[in-house]
Amino acid sequence: MKVVIAGGGPAGLYLSILLKIQDPAHDITVHERDPEGSTYGWGVTYWQGLLDKLHAHDPESARAVDRASVRWSDGVAQVRGLSTRNHGDQGFGIGRHRLLEILADRARSLGVRLRFEHEVTDLGAWTAEADLVVAADGVRSALRTRHAGHFGTEVEAGRNSYIWLGTTKVFDAFTFSFVETEHGWIWCYGYGYSDTHSTCVVECAPATWTGLGLDRAAGADGLRVLEKLFADALDGHPLIGRAQSDGSAQWLNFRTLTNRTWHRDNLVLLGDAAHTTHYSIGAGTTLALEDAIALAAALREHPALPDALARYERERQEALLSAQSAARHSAQWYENLPRYIRLPPQQMFALLGQRHSPLLPYVPPQLYYRLDRAAGQLEALRRLKRWLGPKLARGSQARTLESRK
């Protein structure tokens, strides 16, 4: 099979690896528009479940990813000068640049052609010449955009502003820091991804963003404002913007992207080209790699391409439902932060951990906290929580849709 993959991110590279392992005779080329070694973002997160899957499908690249990752098992929340630490499941962080380097080296070793600084633009020619064309070119996918009506692409922008930064402060736990200003709350998520650097994502409501002048702060000036606000969490370490001449970075509103269908003829969507989930659940890279695993399996098990692509789409859309629900509720938790931030730190941290719950928005926070603690001991109450949350969420969505008519 001749395969053309547009996009040299984790999803596209890992798919090329899996397809070559399945059949070394496959003719596979990955086209990446950016130069080799250049990438956005800092570190990415994942959990043990993904690492287990990587070991099952390609032990060689999995071992390299494992060796290059840092680990943590604690979560820390800092609020109003107080700090609380909870122990949880082990998490992993790896530099995005290092992850791509590992996957690119492994793909090359298997015979995959990698073409950097080359963008797939003539879709008609590629779909005519290749047996399969994979759009793994991100949320702004050029290949998907050409047929957005067919795919049923929908994009919903979040309310809060955020910025993706690095820092030389090495966090020993997944750290949340909430700072109150005269213009409202601003917070960051920090996690290590190497022995020398961490990722630091800063988020705030629109009124806080403009009130602090972050919408007008040019280049490195904005970073200096944030360094002062988060001086305690950073321990005096600097914040680092993307690789631009002035060291700045761009403020964004998260864009949740969905598609009604994921394939058209021999063109199929993969990773962020197919879907996005809010960064606050830390699942983007995991879901992209799981897409690659599912597509490779579907192509192996179904010789007819239409059957394989239909199987892949059906399986992944179903698997994404829980992650998309968790991401939606997590984003809403932060958009409604004043509802929770005045709680005692231990309670606030507990509800931070419960932000994926569809029930939480409909129950007074302190009552939910007591219910959650009781549910840990009463199975009947746990079943009630699982049943009531989705029911209330569906009712709220129905009312929202009705009000838009």
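In what follows, every heavy atom counts, from backbone to side chain, and hydrogens, waters and symmetry copies are set aside.
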Colleague: Does atom CD of Glu318 have more than 12 heavy-atom neighbours, drawn from other residues, nucleotides or ligands, at distances under 6.0 Å?
Modeller: no
Colleague: Measure centre to centre between the rings of Trp262 and Tyr312, then say whether the value is under 6.0 Å.
Modeller: yes
Colleague: One pair to check against side chain to side chain contact (heavy atoms under 4.5 Å, CB included): Tyr46 and Leu99. What are the steps and the verdict?
Modeller: CA-CA 12 Å; Tyr46 66 94; Leu99 175 62; over 6 Å; no
Colleague: Taking the six-membered ring for Trp, is the centroid-to-centroid distance between His356 and His329 below 6.0 Å?
Modeller: no
Colleague: Per the salt bridge (charged side-chain N to carboxylate O under 4.0 Å, His left out) rule, what does the pair list look like for residues 133-146, sequence neighbours excluded?
Modeller: none
Colleague: Under 3.5 Å, is there a donor-acceptor pair between the side chain of Gln347 and the main chain of Gln366?
Modeller: no
Colleague: Test Leu19 against Leu15 for side chain to side chain contact (heavy atoms under 4.5 Å, CB included), laying out the working first.
Modeller: CA-CA 6 Å; Leu19 292 180; Leu15 176 65; 3.9 Å; yes
Colleague: Between side-chain atoms of residues 206-214 and protein atoms elsewhere (two or more places apart, or another chain), which donor-acceptor pairs fall under 3.5 Å?
Modeller:
unit_1 : atom_1 : unit_2 : atom_2 : d
Thr208 : OG1    : His183 : O      : 2.9
Thr210 : OG1    : Pro206 : O      : 3.2
Thr210 : OG1    : Ala207 : O      : 3.2

Colleague: Holding to salt bridge (Lys or Arg N to Asp or Glu O under 4.0 Å), I want the full list of residues that pass it with Glu60, two or more places apart in sequence or in another chain.
Modeller: Arg106
Colleague: With ring centroids as reference points, do Trp333 and Tyr340 lie under 6.0 angstrom apart?
Modeller: yes
Colleague: Counting distance only, does the side-chain N/O of Asn253 pair as donor-acceptor with the main-chain N or O of Asn160 below 3.5 Å?
Modeller: yes
Colleague: Suppose we screen for salt bridge (Lys or Arg N to Asp or Glu O under 4.0 Å). Which residues come up paired with Asp232, at least two apart in sequence or across chains?
Modeller: none
Colleague: Does CD belonging to Glu180 count more than 12 external heavy atoms closer than 6.0 Å?
Modeller: yes
Colleague: Got a sec, which pairs hit salt bridge (charged side-chain N to carboxylate O under 4.0 Å, His left out) with one end in residues 166-177, sequence neighbours left out?
Modeller: Arg85-Asp172, Lys169-Asp235
Colleague: If the plane angle is over 60° it's perpendicular, under 30° parallel, otherwise tilted; pick one for Tyr193 and Trp42.
Modeller: tilted
Colleague: Taking salt bridge (Lys or Arg N to Asp or Glu O under 4.0 Å) as the definition, give me every residue that meets it alongside Arg355, ordered by chain and number, with sequence neighbours left out.
Modeller: none
Colleague: Could you check Trp72 against Thr45 for side chain to side chain contact (heavy atoms under 4.5 Å, CB included), going step by step and ending with a plain yes or no?
Modeller: CA-CA 11 Å; Trp72 67 83; Thr45 60; 3.7 Å; yes
Colleague: Is a donor on one side and an acceptor on the other found under 3.5 Å between the side chain of Glu154 and the backbone of Thr256?
Modeller: no
Colleague: Quick one: do Glu156 and Arg255 make a salt bridge, cutoff under 4.0 Å?
Modeller: no
Colleague: CD1/Ile186 to CD/Glu203 distance, rounded to the nearest 0.5 angstrom?
Modeller: 9.5 Å
Colleague: Centroid-to-centroid, Tyr191 to Phe174, below 6.0 Å?
Modeller: yes
Colleague: Please work out which of the three classes, parallel, tilted or perpendicular, describes the rings of Phe254 and Tyr162, given edges at 30° and 60°.
Modeller: tilted
Colleague: Among Phe176, Tyr189, Trp185, which residue meets the ring pair (Phe, Tyr, Trp, His ring centres under 6.0 Å) test with Tyr334?
Modeller: Tyr189
